[in-house]
Amino acid sequence: MKENVIREYIKRIVNAPFNLTAIKDENLAYYLLALDSLIPLEKIKLEGNFLDVGTGGGVPGVFIGIAFKHMKGLLVDASRKKVDYIRNTCRMLGINNLEFLHGRIEEQKNLKGTFDNVFSRAVAELRVILELTVPFAKVGGRVFLYKGREYLKELENAKNAIEVLKVELTEIVEYNILNKNRVLLIFEKKESVDKFPRRYNKILKSPL
Ligand SMILES: C[S@@+](CC[C@H](N)C(=O)[O-])C[C@H]1O[C@@H](n2cnc3c(N)ncnc32)[C@H](O)[C@@H]1O
């Protein structure tokens, strides 16, 4: 049942009338988008609400919404075209535990500290995406970041960000999709720090 909905969603994003994903084969997209989103969560107990930062074609947010129907999610992206398309697609498929917001995440100050779980995949290097995600988690909440095999170098560069944003790396889930090494980095937010996220040009000019 869930797999049918996932496959139907994949079909619609692969065949979108504009470039929503670079993957043009539905079966490949099932592995590289849907299973990539869900396999590392298999042994994780998820409760509460969630945010997906830079969801693009709905990755991982739509798949999490389908697999974890008891959770309410907010999917945010800076591209209006993408947000409109995935919102309509989810409505057509009856996926109704998700909400969608067009905008830059760093401008959504009203959402700070309001999510139990914050996800992001393929949006920015670790120290940058930490600044764009951690402020939106509740204290005690978790941030889940999907990364590739280069994650150790990114972790090294993110030492200061981890300290300044008051998060702790609590788990590294290593997994494999079609012979690609993947990891899900799981952080827990220990304290809230008011001044983040900064404006985007500031983040890029002087990353934490
Ligand atoms: C490479 S795509 C990845 C999309 C999806 N997460 C995935 O894994 O396929 C990056 C997306 O992040 C969005 N994005 C980048 N910076 C953002 C920001 N500051 N706030 C919201 N969305 C952002 C872009 O519009 C784009 O759709």
Side-chain angles (χ1 to χ4, degrees), residues 6 9-26 28-41 50-67 73-90 98-112 114-115 117-137 143-151 154 161 165 175 177-178 180 182-185 196-208:
I6 288 174
Y9 181 79
I10 289 276
K11 183 188 279 184
R12 291 171 197 228
I13 57 168
V14 165
N15 298 301
F18 61 100
N19 207 13
L20 196 49
T21 164
I23 305 167
K24 296 300 166 211
D25 177 86
E26 288 174 28
L28 206 54
Y30 179 74
Y31 282 90
L32 296 180
L33 302 179
L35 294 189
D36 188 55
S37 299
L38 296 177
I39 280 179
L41 298 174
F50 76 90
L51 170 71
D52 180 11
V53 171
T55 190
V59 189
V62 169
F63 304 114
I64 293 172
I66 295 170
L74 176 66
L75 279 49
V76 178
D77 200 278
S79 157
R80 181 182 294 282
K81 203 163 145 182
K82 291 182 186 177
V83 170
D84 286 348
Y85 189 83
I86 65 172
R87 181 195 286 117
N88 286 338
T89 306
C90 286
L98 298 179
E99 288 182 14
F100 302 85
L101 178 68
H102 160 241
R104 298 201 62 88
I105 192 65
E106 66 276 12
E107 292 168 7
Q108 314 304 320
K109 304 286 183 211
N110 58 323
L111 295 178
K112 282 173 69 172
T114 57
F115 293 92
N117 309 280
V118 181
F119 293 88
S120 190
R121 178 182 178 276
V123 173
E125 67 165 305
L126 188 58
R127 59 187 175 163
V128 171
I129 196 59
L130 279 167
E131 182 168 353
L132 293 174
T133 51
V134 172
F136 300 95
V143 173
F144 300 80
L145 302 175
Y146 294 81
K147 286 286 169 192
R149 57 162 66 185
E150 296 298 315
Y151 78 97
E154 288 195 48
L165 293 164
Y175 63 107
I177 299 283
L178 297 179
K180 280 184 204 264
R182 302 278 298 149
V183 292
L184 180 66
L185 304 177
F196 300 113
R198 296 166 293 163
R199 289 204 320 274
Y200 200 62
N201 59 358
K202 192 95 199 230
I203 296 175
L204 289 188
K205 219 164 95 188
S206 47
L208 292 174

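Not measured: the values here are computed from a predicted model. Each ligand, and each atom within it, is numbered from 1 in the order the structure gives. We're numbering straight along the sequence, starting at 1.
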Would you tabulate the polar-atom pairs, meaning N/O of ligand 1 against N/O of the protein, with distances under 3.5 Å, reported to 0.1 Å?
from     : atom 1 : to     : atom 2 : distance (Å)
ligand 1 : 6 (N)  : Gly54  : O      : 2.8
ligand 1 : 6 (N)  : Val59  : O      : 2.8
ligand 1 : 6 (N)  : Arg121 : O      : 2.8
ligand 1 : 8 (O)  : Arg121 : O      : 3.3
ligand 1 : 8 (O)  : Arg121 : NH1    : 2.5
ligand 1 : 9 (O)  : Arg121 : NH1    : 3.2
ligand 1 : 19 (N) : Arg104 : NH2    : 3.0
ligand 1 : 19 (N) : Glu106 : OE1    : 2.8
ligand 1 : 20 (N) : Ile105 : N      : 3.0
ligand 1 : 22 (N) : Ala78  : N      : 3.1
ligand 1 : 25 (O) : Asp77  : OD1    : 2.7
ligand 1 : 27 (O) : Asp77  : OD1    : 3.1
ligand 1 : 27 (O) : Asp77  : OD2    : 2.8
ligand 1 : 27 (O) : Lys82  : NZ     : 2.8

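- In this model, a donor atom of one side chain and an acceptor atom of the other lie less than 3.5 Å apart for Asn19 and Lys24.
- Evaluated for a salt bridge (charged side-chain N to carboxylate O under 4.0 Å, His left out) with Glu154, the options Arg149, Lys147, Arg127 yield exactly one hit, Lys147.
- Ring geometry for Phe119 versus Phe50: interplanar angle over 60°, hence perpendicular rather than tilted (30 to 60°).
- The only member of Val123, Ile105, Ile203, Val118 that meets side-chain contact (heavy atoms from CB on, under 4.5 Å) when paired with Ile129 is Val123.
- Thr55 and Gly61 make their closest contact through OG1-N, 4.3 Å (heavy atoms, listed as atom of the first residue, atom of the second, distance).
- The pair Lys180-Asp36 does not meet the salt-bridge criterion, since no charged nitrogen lies less than 4.0 angstrom from a carboxylate oxygen.
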